[in-house]
Each structure stands twice: as structure tokens, then as C-alpha cells.
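We're numbering straight along the sequence, starting at 1. Every number for a ligand or one of its atoms is a count from 1 in the order of the listing.
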Amino acid sequence: MRLVLVGPPGAGKGTQAQLIASHLLVPKISTGDIFRKNVAEGTPLGREAKRYMDAGDLVPDEVTIGMVRDRLAAEDVRDGFLLDGFPRTVPQAEALDALLAEMGTSLSVVLELVVDDDEVVRRLSGRRTCSDCGHIWHVTYDPPTLDGVCDLCGGKLFQREDDREETIRHRLEVYYDQTAPLIDYYAARGILEGIDAMGPVEEVTARAVAALRHWR
Ligand code: AP5
């Protein structure tokens with residue numbers, strides 16, 4: 001299955017991507033994670049991406065598309081993949097269609113996670129991420145046993161630079177302006193499936209898995 005997850009920042013894409021990818025046995029490709037890894041390693045790509053990410057803006061299309069093209073050329077995505085956070089603009093969606101057509105394939109489905117803006121702010125302002133294993137926690141919804149320490153690996157938890165309230169509001173504006181048009185783009189192609197992403201993580205996963213059954 002070749003699947004895209006779309007939704008506003010904080011909709012739970014990263015959380016669900018991990019769970020759904022394990023369920024479908026496909027690799028998860030998160031452009032946000034790839035950028036953050038490059039930032040942490042201080043690569044030229046990371047240095048370029050950082051100024052956009054910290055401001056809550058999108059990294060330019062040509063940079064992002066080139067990075068995804070390289071990743072989709074890898075052997076492990078031949079039988080399917082889950083894209084988290086890409087595409088994020090109509091030009092990115094068109095580039096992905098063209099890239100998959102070159103590979104003789106196409107997307108199976110685009111899963112939209114639907115949440116309201118107040119919930120986005122609650123989720124992002126409480127998010128904490130493990131610096132070692134990358135697991136995503138939440139100070140209220142899914143707190144670790146020990147403050148600031150990952151239950152899974154003992155790693156130190158950190159708050160993302162772009163999770164400050166004013167940046168969150170700006171990311172939401174960017175979402176409605178540049179990413180929300182993808183909903184119509186994929187609806188017109190007949191491959192859009194929307195699910196209610198409010199409520200506990202496991203309920204959202206169950207809804208996602210049930211919705212995806214029709215597309216396998
Ligand atoms: P990216 O990392 O993709 O950020 P995002 O889309 O803004 O999404 P988030 O990671 O913030 O949220 P999420 O939906 O994954 O939510 P999560 O599961 O963590 O991108 C970051 C930046 O990179 C962008 O701003 C841009 O600069 C750049 N970038 C990336 N891709 C790009 C592209 N294609 N083009 C250009 N630039 C790009 O959940 C959030 C919190 O809520 C967590 O604490 C979690 O525990 C909690 N939570 C999750 N689900 C639930 C639930 N059901 N109930 C209660 N709490 C929940």
C-alpha cells in the first residue's frame with residue numbers, strides 16, 4: 001500500500017504514522033523527521049531547513065521534493081510506504097504523482113486526520129519528543145512516568161523549537177493556506193479518506209485501520 005497522511009500540525013500524523021506503518025508493514029517516511037535529523041547533524045540541508053522550520057514556514061518545494069525523490073529510490077519502499085508530512089503543497093503533490101508514474105505506480109489512498117484548531121494547540125504545546133528513540137509523548141494526554149525521561153529508552157525528552165504557541169498559530173495559517181488545498185486535489189482523484197482524529201490515540205488508530213481496509 002502507498003499511503004499519504006495529511007492533516008494540520010498536531011493532528012497526530014507522527015503518532016499514527018508509527019502505528020499504522022507497523023500495522024501495514026511498510027516503511028514510514030516523515031519529511032519533518034528527515035529535516036530534524038539533518039538539523040541535528042548540522043548538514044547543509046539541515047542548515048538550510050532550520051530557518052524555515054524554526055519560523056513555522058515550509059521548506060522550499062525544490063529542496064523537499066529532491067529529498068523525497070532520493071528516499072523513494074531506496075529498495076525498502078518498493079512494496080509500499082507511508083508518507084507523513086509530504087506532500088504539503090500542490091506542486092509537491094504533482095511532483096509525487098509524476099515520480100510515482102515514472103516508477104510505474106501511483107498512490108493507493110490519502111488519509112486525512114481531522115481535528116479542530118484548539119486541540120492542535122493543546123496537543124502541540126504539550127508535546128515532548130525523546131532525543132534518543134524519537135518517541136512522541138504528551139505532558140497530559142500521554143505522560144512519561146518520570147518527568148522529562150522516555151519510558152521506552154531512558155532518553156531525555158525535549159520540546160520542539162516550533163512548538164511555541166505563536167509559532168503553532170503561524171503553522172496552522174500555513175497549513176490552511178498551502179496544505180489544505182490538497183484535500184480537494186486528492187478528493188478530485190477519488191483517493192481521499194477522512195477520519196475523525198479527535199479522541200484517544202488508540203481509538204483514532206482503530207478508525208484509521210478500519211478506513212484503510214477498503215483500500216487494500
Ligand atoms: P512536521 O514534523 O511534519 O510537523 P507538522 O506537520 O507540523 O506536524 P507535527 O509533527 O507538528 O504534528 P503531528 O501531526 O505529527 O502530531 P504528533 O503525532 O506529533 O514538520 C515540521 C517542519 O518541517 C514544518 O513546519 C516545515 O518547516 C518542515 N517540513 C516538513 N515536511 C515538509 C514538506 N513536505 N514541505 C515543506 N516543509 C516541510 O502529535 C502531537 C502531540 O499530540 C504529541 O504530543 C502526541 O503525543 C499528542 N497526540 C497525538 N494524538 C493524540 C490523540 N489522539 N489524543 C491526544 N493526544 C494526542
- Should the pair R189 and Y185 be classed as cation-pi, given the thresholds of under 6.0 Å to the six-membered ring centre and 45° from the axis?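 Pair R189/Y185 counts as cation-pi.
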
Polar proximity ligand 1 side, [X] side, N/O cut 3.5 Å exclusive:
| X | result |
| --- | --- |
| F35 | no |
| G85 | yes |
| G14 | yes |
| G10 | yes |
| T31 | yes |
| G126 | no |
| P87 | no |
| G199 | yes |
| T15 | yes |
| Y52 | no |

Backbone N or O of [Y] within a donor-acceptor pair of the [X] side chain at under 3.5 Å?
| X | Y | value |
| --- | --- | --- |
| H23 | Q18 | no |
| T89 | Q178 | no |
| H138 | R123 | yes |
| S131 | K156 | yes |

Using a 4.5 Å side-chain heavy-atom cut-off and chaining through intermediate ILVMFWY residues, the residues clustered with W137 come out as L152, L157

Identify the protein heavy atom lying closest to [atom], giving its residue, its atom name and the separation to 0.1 Å.
| atom | answer |
| --- | --- |
| atom 42 (O) of ligand 1 | R123 CB, 3.2 Å |
| atom 43 (C) of ligand 1 | I136 CG2, 3.4 Å |
| atom 37 (N) of ligand 1 | V59 N, 3.0 Å |
| atom 19 (O) of ligand 1 | R127 NH1, 2.5 Å |
| atom 27 (O) of ligand 1 | D57 O, 2.6 Å |
| atom 47 (C) of ligand 1 | H138 CD2, 4.1 Å |
| atom 16 (O) of ligand 1 | G12 N, 3.3 Å |
| atom 56 (N) of ligand 1 | Y141 CD1, 3.1 Å |

Report the C-alpha separation of T205 and Q16 in whole Å, then their side-chain angles, then the decisive distance to 0.1 Å, and conclude whether the side-chain hydrogen bond (donor to acceptor under 3.5 Å, both in side chains) test is met. CA-CA 6 Å; T205 310; Q16 295 300 332; 2.7 Å; yes

task: Name the option, out of R36, R160, R128, that contains the heavy atom nearest to atom 4 (O) of ligand 1.
output: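 Among R36, R160, R128, the closest heavy atom to atom 4 (O) of ligand 1 belongs to R160.
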
*To which of K13, M53, R171, R88 does the heavy atom nearest atom 1 (P) of ligand 1 belong?*
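Shortest heavy-atom distance from atom 1 (P) of ligand 1: R88.
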
Distance filter under 4.0 Å to [X] heavy atoms, resulting ligand 1 atoms:
| X | result |
| --- | --- |
| T64 | 33 (C), 34 (N), 35 (N), 36 (C) |
| W137 | 43 (C), 44 (O), 46 (O) |
| Q92 | 33 (C), 34 (N), 35 (N), 36 (C) |

Is [X] salt-bridged to [Y], cutoff N-O under 4.0 Å?
| X | Y | value |
| --- | --- | --- |
| D79 | R2 | no |
| R169 | E166 | no |
| D76 | R71 | yes |
| K13 | D84 | no |

Could you check whether atom CG of D70 has more than 12 heavy atoms from other residues, nucleotides or ligands sitting under 6.0 Å from it?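 Atom CG in D70 is crowded, with more than 12 foreign heavy atoms closer than 6.0 Å.
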
Which bit of D33 is near ligand 1, meaning a heavy atom under 4.0 Å away: side chain, backbone, both or neither?
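Neither part.
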
Which bit of P200 gets closer than 4.0 Å to ligand 1, counting heavy atoms only: side chain, backbone, both or neither?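 The backbone, only.
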
Notebook entry, point to check: Is the shortest heavy-atom distance from the side chain of I34 to the side chain of I29 under 4.5 Å?
Noted result: yes

Would you say Y186 and V109 make side-chain contact, with heavy atoms under 4.5 Å?
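SC-SC contact between Y186 and V109 ruled out.
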
Checklist line | same_hphob_cluster(I20, L192) at 4.5 Å side-chain heavy-atom cutoff | finding: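 Linked, I20 and L192 end up in one cluster.
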
With the threshold set at under 4.0 angstrom, would you say D142 reaches ligand 1 through any of its heavy atoms? no

